[in-house]
J.: 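The structure's right below; bear with me while I get my questions together.
Quick note: residue numbers are just sequence positions, from 1. The analysis underlying the following values was restricted to heavy atoms, covering all of them including side chains, and did not include hydrogens, waters or symmetry mates.
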Amino acid sequence: MDTTLAAGYSDYNSQKLVGLNSFPLSNGRMRPIDDVRHENLLALIASNGGQRHFADAAGIKNPAQVSQWVNRSRNATTGKPRVMSGATARAIEAALSLPAGWMDTQHNNDADSVSGVLATETRPGYVRFDLFEGGAGMGTGMVNQDYPEVVQTIEIAEWEVRRKLGYLPHPGRIQIITGRGPSMRPTLEDGDIIWIDTSCDYFDGDDYYLINVGGETQIKMLQRRADGLYIVSVNPAFPTYRADEDEVSILGKALIHAGLRRF
């Protein structure tokens, strides 16, 4: 795997995150309901094989909402972390045939505590990265839809993740996506696997991002220039153009790419 695409990113974040497997439980005192729901959400995501499969099973129409709950992304209007409402918790319980109130109750989160789903555990010493919804175009873009993915889930040794990123990400923060198309060659090739930091939903300096423009999901470089925000391709055959910032939605920041290349 190549080095990070986001220069200086590790130093900025290295002191802000907890390890993937650090989920201390406190049974001796009442915990905030949002924390309990968040913990149970993570258990259901793991048991269903990732955020996308959980969203399908729970009948959640917008899978990006799941990522926002996992990362507790801040609401652009209120500035508060996005959390699951009581009505949504009840709807998830009904969809997954869980008892009413299950999302609001502390569990051991073992296989027996989640009925109707198969538990999948990440081996100790490894970090699991799940699939981001849909593929990412690196040409004219592609509609974010069900698409044959190169990799659905990967598990990387913690020491290697630390070596590449400088930290261990919170579960669900970094997801993987398959890049499609020629516009980012030679930096990114068609079929490359790209690690996306889904917590970065804003412009964080000139860099590579996963963006959505006009309903098309793409991996592109964003550059801030004197007259606006530009969308840049590495391949000179694809022209750079100034974007209407109101129409550009940043879904995450590209960190690392890996490819299955022929010798």
Side-chain angles (χ1 to χ4, degrees), residues 1-20 38 42 45 50-52 62-83 127-138 141 144 154 156 161-179 184 187-188 192-213 216-225 228-234 243 245-258:
M1 288 184 286
D2 296 333
T3 57
T4 176
L5 295 177
Y9 185 83
S10 300
D11 292 338
Y12 179 79
N13 289 280
S14 60
Q15 302 301 321
K16 293 188 174 183
L17 302 173
V18 299
L20 177 65
H38 185 263
L42 296 179
I45 289 171
Q51 292 186 28
R52 180 181 181 181
N62 181 14
Q65 180 69 66
V66 178
S67 179
Q68 292 175 346
W69 290 331
V70 168
N71 298 315
R72 293 178 170 176
S73 302
R74 294 194 177 276
N75 186 295
T77 302
T78 66
K80 296 181 179 180
R82 296 180 185 274
V83 296
V127 180
R128 176 182 175 127
F129 298 145
D130 290 312
L131 179 70
F132 189 94
E133 174 72 12
M138 298 188 303
N144 197 9
I154 59 174
I156 308 293
V161 174
R162 286 187 182 275
R163 190 168 73 91
K164 295 295 187 184
L165 299 181
Y167 61 90
L168 289 182
H170 192 279
R173 172 172 178 167
I174 293 180
Q175 298 176 31
I176 56 175
I177 196 166
T178 303
M184 300 302 285
T187 301
L188 299 173
D192 277 359
I193 307 303
I194 304 158
W195 298 16
I196 301 296
D197 178 8
T198 61
S199 72
C200 184
D201 57 359
Y202 55 92
F203 181 79
D204 188 32
D206 295 356
D207 220 321
Y208 296 82
Y209 293 88
L210 177 66
I211 62 174
N212 189 285
V213 182
E216 295 181 337
T217 304
Q218 308 175 38
I219 295 285
K220 294 290 184 182
M221 176 178 282
L222 296 182
Q223 289 183 350
R224 175 74 66 187
R225 301 181 182 179
L229 186 68
Y230 279 75
I231 296 178
V232 182
S233 298
V234 175
E245 295 192 37
D246 292 336
E247 297 181 357
V248 178
S249 176
I250 296 176
L251 307 178
K253 195 171 190 178
L255 302 179
I256 289 174
H257 63 94

J.: Output the distance between atom CG (D192) and atom CD1 (I176), rounded to the nearest 0.5 Å.
T.: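 The CD1 atom of I176 is 12.5 Å from CG of D192, to the nearest 0.5 Å.
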J.: Could you tell me the separation between the CH2 atom of W69 and the CD1 atom of I45, rounded to the nearest 0.5 Å?
T.: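 Those atoms lie 9.0 Å apart.
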J.: If I compare all heavy atoms of Q175 with all of S67, which pair ends up nearest, and what's the gap?
T.: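 Q175 and S67 have their closest heavy atoms at NE2-OG, 3.6 Å.
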J.: Working to the nearest 0.5 angstrom, can you tell me the gap between D207 CG and M221 CE?
T.: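 Separation between the atoms: 6.5 Å.
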J.: In chain order, what residues pass the side chain to side chain contact (heavy atoms under 4.5 Å, CB included) check against V234, with sequence neighbours excluded?
T.: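 For V234 the side chain to side chain contact (heavy atoms under 4.5 Å, CB included) partners, ignoring immediate neighbours, are M184, P186, T187, Y208.
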J.: Do V70 and T198 pass the side chain to side chain contact (heavy atoms under 4.5 Å, CB included) test, and can you show the C-alpha distance, the side-chain angles, and the key distance before you say yes or no?
T.: CA-CA 10 Å; V70 168; T198 61; over 6 Å; no
J.: Look only at the side chain of N71 and the backbone of S73, and say whether a donor-acceptor pair between them is shorter than 3.5 Å.
T.: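 Checking the backbone N and O of S73 against the side chain of N71, no donor-acceptor pair under 3.5 Å is found.
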J.: CD1/I194 to CG/L210 distance, rounded to the nearest 0.5 angstrom?
T.: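 It comes to 8.0 Å.
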J.: Between atom CG of L188 and atom NZ of K220, what is the distance when rounded to the nearest 0.5 Å?
T.: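 Those atoms lie 10.0 Å apart.
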J.: Compare every heavy atom of G252 with every heavy atom of I196, then report the nearest pair and how far apart it is.
T.: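 Minimum heavy-atom separation between I196 and G252: CG2-CA, 3.7 Å.
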J.: With sequence neighbours excluded, what pairs up with D201 under the side-chain hydrogen bond (donor to acceptor under 3.5 Å, both in side chains) test?
T.: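 In terms of side-chain hydrogen bond (donor to acceptor under 3.5 Å, both in side chains), with neighbours along the sequence ignored, D201 is linked to no residue.
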J.: Applying the side-chain contact (heavy atoms from CB on, under 4.5 Å) test to I174, which of L255, I256, I156 qualifies?
T.: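 Single side-chain contact (heavy atoms from CB on, under 4.5 Å) partner of I174 among L255, I256, I156: L255.
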J.: Could you go through the side chain to side chain contact (heavy atoms under 4.5 Å, CB included) check for L251 and I211 one step at a time?
T.: CA-CA 5 Å; L251 307 178; I211 62 174; 5.9 Å; no
J.: Could you walk me through whether H170 and L42 pass the side chain to side chain contact (heavy atoms under 4.5 Å, CB included) check?
T.: CA-CA 11 Å; H170 192 279; L42 296 179; 4.3 Å; yes
J.: Between atom OG of S233 and atom CD1 of I219, what is the distance when rounded to the nearest 0.5 Å?
T.: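 Output value for this atom pair is 11.5 Å.
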J.: Do you know the tightest heavy-atom contact between C200 and I250?
T.: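 So the minimum-distance heavy-atom pair works out to O-CG2, 3.6 Å.
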J.: Could you pull out the closest heavy-atom pair between Q223 and D206, with the gap in Å?
T.: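 So the two residues come closest at CA-OD1, 3.3 Å.
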J.: Before you tell me yes or no, could you show the steps for V248 and Y209 under side chain to side chain contact (heavy atoms under 4.5 Å, CB included), namely the whole-Å CA-CA distance, both residues' side-chain angles and the distance that decides it to 0.1 Å?
T.: CA-CA 11 Å; V248 178; Y209 293 88; over 6 Å; no
